[in-house]
S.K.: 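Quick one: this structure, given as structure tokens, is what I'll be asking you about.
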Amino acid sequence: MIKKQFCILLAGAAAAASLLTAAPLVKSEIAKDAKWLAHIDMEGVLESSFSEIGVAKLKEAIAAANKEKITVDVDLVLSEVKSLTAYGASFAETAANESVIILKTGDRLQAIFEGLVAHQELESGQSPLKRVEGKPYQTFLLEDELYLAFPNKNYAIAGKSFQRIEMAYEVIEGKAESLEDVDQKLVLNEDAGFFLLVTANGIDSLKNVPPQARMLQKTKGGQLSIGENEGEFRANVILTTEGPKISMQLSQIVRGLLALASFTQVENQSMMEVVDSVDVQQGEDFVSLDFRYPVDKLMNLIGTAVELMDGHESGPEGDHTSSAADTSAEPAQLGMLALAGHDK
């Protein structure tokens, strides 16, 4: 149960922040061999316009999964997690062994975690979490699978390989080279004010890419950044390519999908305004999409979309009487056809 609660807290924090906000990444804390990374600033998350939605969903998930007498104070835990950064050095099947999750924390998170473990031990006499002896700092092992180490009171590092955890902390301490020390094309946009940063280099090496993501096979790397600034929601996507020809093809695909999306209707509201808020730029070896839209209008669209989804799921099977739902599906289907056509 502790493992489930801990994983829910990590996943929930990431899920909440995927809607929300991330501070500039500190590249000097990321190992130089990183091939992908995701960064979230939880302090920014809690200050954003979307925080109530994300935190509410997280509380619901934890409450539903918690079968113990002890309850998790989500607000307290989130206030103690200052940022979350995950990165890895591989896309192979063994990638999990070369990945770490780093939490910058307040002074109390380690004590909160230890209290949760102690409660489990008192209640059942055993715990899926074992204290690991002989390590340079306090370390636990979750069900012989995942290490969780506290190298100091303001950092917690999790990973399947303890060697990787030690390497990650050496980078943080400045004892090993970081992204700051090498010429790299992993972090493509370092603008301040973004909610979430997810980036990868070497996307073209991925195997078994689903048809819905076939466009990614034309790219070498990419970054998604999401944020909120002065009442505006902002999303930026940068895709890197081998050269001008691929950049032009990607730009044409993106512009075509946006044109199709402009015909979508949500409760008789045209998506043209949303589509017009996307700025597409093409360079020699990249394609960039920048989206800016008022937060209040976006929240209204999200609310309408959620209502449509709930109504569609609760309706009788095979019932397609909602013209809004039908119309919104058509551009997506046409978009897939467009992607397939460009691949031929």
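Just the heavy atoms: all of them, side chains too, but no hydrogens, waters or symmetry mates, feed the values below. Throughout, residue positions are numbered sequentially from 1 according to the sequence presented.
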S.K.: Quick one: pull up OH in Y155 and OG in S83 and give me the separation to the nearest 0.5 Å.
M.R.: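 These two atoms lie 7.5 Å from each other.
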S.K.: Looking only at heavy atoms, what is the nearest atom pair of E284 and T241, with distance?
M.R.: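 Answer, listing the atom of E284 first, then T241: O-OG1, 4.2 Å.
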S.K.: Please name the pair of heavy atoms, one in F91 and one in G202, separated by the smallest distance, quoted to 0.1 Å.
M.R.: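 Closest approach of F91 to G202: CE1-O, 3.8 Å.
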S.K.: Answer with yes or no whether the hydrophobic clustering places L196 together with L188; edges join I, L, V, M, F, W, Y residues whose side-chain heavy atoms lie under 4.5 Å apart.
M.R.: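 L196 and L188: separate clusters.
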S.K.: Among L179, I101, I102, exactly one meets side chain to side chain contact (heavy atoms under 4.5 Å, CB included) together with Y87. Which residue is that?
M.R.: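 Among L179, I101, I102, the one meeting side chain to side chain contact (heavy atoms under 4.5 Å, CB included) with Y87 is I102.
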S.K.: Nearest 0.5 angstrom please: N201 CG to L37 CG, how far?
M.R.: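 Reported to 0.5 Å precision, the distance equals 10.5 Å.
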S.K.: Please check if V100 and V171 belong to a single hydrophobic cluster, counting links between Ile, Leu, Val, Met, Phe, Trp and Tyr side chain heavy atoms closer than 4.5 Å.
M.R.: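 Not linked; separate clusters.
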S.K.: Could you list the residues that satisfy side-chain contact (heavy atoms from CB on, under 4.5 Å) with V278, not counting sequence neighbours?
M.R.: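 side-chain contact (heavy atoms from CB on, under 4.5 Å) list for V278, sorted by chain: L258, V280, L289, F291.
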S.K.: Run the side chain to side chain contact (heavy atoms under 4.5 Å, CB included) test on N189 and L197 for me, step by step, so that the C-alpha distance in whole Å, both residues' side-chain angles and the decisive distance to 0.1 Å come before the verdict.
M.R.: CA-CA 9 Å; N189 187 346; L197 186 155; over 6 Å; no
S.K.: To the nearest 0.5 Å, how far apart are CG in L224 and CG in L239?
M.R.: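 L224 atom CG to L239 atom CG measures 10.0 Å (nearest 0.5 Å).
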S.K.: Does I40 belong to the same Ile/Leu/Val/Met/Phe/Trp/Tyr cluster as W36, with side-chain heavy atoms less than 4.5 Å apart forming each link?
M.R.: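 Both belong to a single hydrophobic cluster.
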S.K.: Same hydrophobic cluster for I253 and I238, using side-chain heavy-atom links shorter than 4.5 Å among ILVMFWY?
M.R.: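 No, I253 and I238 fall in different hydrophobic clusters.
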S.K.: Please report the interatomic distance OG1(T85) to CG(L103), rounded to the nearest 0.5 Å.
M.R.: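 Rounded to the nearest 0.5 Å, the OG1-CG separation comes to 8.5 Å.
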S.K.: Tell me whether K35 is salt-bridged to E98, with the criterion being a basic N under 4.0 Å from an acidic carboxylate O.
M.R.: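 No, this pair does not count.
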S.K.: For the atom pair CG (L257) and CD (Q252), what is the distance rounded to the nearest 0.5 Å?
M.R.: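 That separation rounds to 12.0 Å.
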S.K.: By the definition side chain to side chain contact (heavy atoms under 4.5 Å, CB included), identify the one residue from D279, N236, V237, T240 that meets it with S288.
M.R.: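 Answer after filtering D279, N236, V237, T240: N236.
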S.K.: With no hydrogens and no angle check, do the side chains of Q223 and S225 hold a donor and an acceptor under 3.5 Å apart?
M.R.: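 There is such a pair (donor and acceptor under 3.5 Å, judged by atom type) between the side chains of Q223 and S225.
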S.K.: What are the two closest heavy atoms between K104 and E29, and how far apart are they?
M.R.: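 Minimum heavy-atom separation between K104 and E29: CE-OE1, 2.9 Å.
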S.K.: Donor-acceptor pair, distance only, cut-off 3.5 Å: does the side chain of T139 make one with the backbone of Y137?
M.R.: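 It does hold such a pair.
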S.K.: Any chance you could measure K185, atom NZ, to D285, atom CG, to the nearest 0.5 Å?
M.R.: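 Interatomic distance, K185 NZ to D285 CG, rounded to 0.5 Å: 6.0 Å.
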S.K.: Is the F140 ring parallel, tilted or perpendicular to the F150 ring (thresholds 30°, 60°)?
M.R.: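 Perpendicular: the ring planes of F140 and F150 meet at over 60°.
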S.K.: Quick one: side-chain contact (heavy atoms from CB on, under 4.5 Å) partners of K297, sequence neighbours excluded?
M.R.: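 side-chain contact (heavy atoms from CB on, under 4.5 Å) list for K297, sorted by chain: E273, Y293, P294.
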S.K.: Is the closest side-chain donor-acceptor distance between Y147 and Q163 under 3.5 Å?
M.R.: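 No, no side-chain donor-acceptor contact under 3.5 Å.
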S.K.: Does the pair R234 and E228 meet the rule for a side chain to side chain contact (heavy atoms under 4.5 Å, CB included), with working shown?
M.R.: CA-CA 6 Å; R234 186 183 176 194; E228 180 183 337; over 6 Å; no
S.K.: Flag yes if Y169 and V132 sit in one hydrophobic cluster, no otherwise; membership is Ile, Leu, Val, Met, Phe, Trp, Tyr, and two members link when side-chain heavy atoms are under 4.5 Å apart.
M.R.: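 Both belong to a single hydrophobic cluster.
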S.K.: So does K27 have more than 12 non-hydrogen atoms from other groups sitting under 6.0 Å from NZ?
M.R.: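 Enclosed.
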S.K.: Heavy atoms only: give me the nearest A156-P151 pair and the separation to one decimal.
M.R.: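 Reported closest heavy-atom pair: CA-CD, 4.5 Å.
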S.K.: Of all the heavy-atom pairs spanning G159 and I165, show the shortest one and how long it is.
M.R.: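 Closest approach of G159 to I165: N-CD1, 3.7 Å.
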S.K.: Could you tell me whether D290 and R292 have a side-chain N and a carboxylate O separated by less than 4.0 Å?
M.R.: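 Here D290 pairs with R292 in a salt bridge, since their nearest N and O are under 4.0 Å apart.
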S.K.: Which atom names give the shortest non-hydrogen contact between S99 and G88, and what distance separates them?
M.R.: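 Where S99 meets G88 most closely, the heavy atoms are OG-CA, 3.7 Å.
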S.K.: With distance as the sole test, does S251 use its side chain to make a donor-acceptor pair with the main-chain N or O of S247 at under 3.5 Å?
M.R.: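 Between the backbone of S247 and the side chain of S251 there is no qualifying donor-acceptor contact (under 3.5 Å).
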S.K.: I'd like to know if K175 and E173 make a salt bridge, using a cut-off of under 4.0 Å between side-chain N and carboxylate O.
M.R.: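 Salt bridge flag = yes for E173 with K175.
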S.K.: Taking atom types as modelled, is there a side-chain donor on S178 or S28 under 3.5 Å from an acceptor on the other?
M.R.: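 Side-chain D/A pair, S178 to S28: absent.
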S.K.: If only atom types and distance count, is the side chain of S161 paired as donor or acceptor with the main-chain N or O of R164 below 3.5 Å?
M.R.: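 Yes, because the side chain of S161 sits within donor-acceptor range (under 3.5 Å) of the backbone of R164.
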S.K.: Please determine whether a side-chain nitrogen of the Lys or Arg among K130 and E143 lies less than 4.0 Å from a carboxylate oxygen of the Asp or Glu.
M.R.: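 No salt bridge links K130 with E143.
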S.K.: With a distance cut-off below 6.0 Å to the six-membered ring centre and an angular limit of 45° from the axis, does K135 pair with F162 as a cation-pi contact?
M.R.: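 Yes; both conditions hold, so K135 lies above the ring face of F162.
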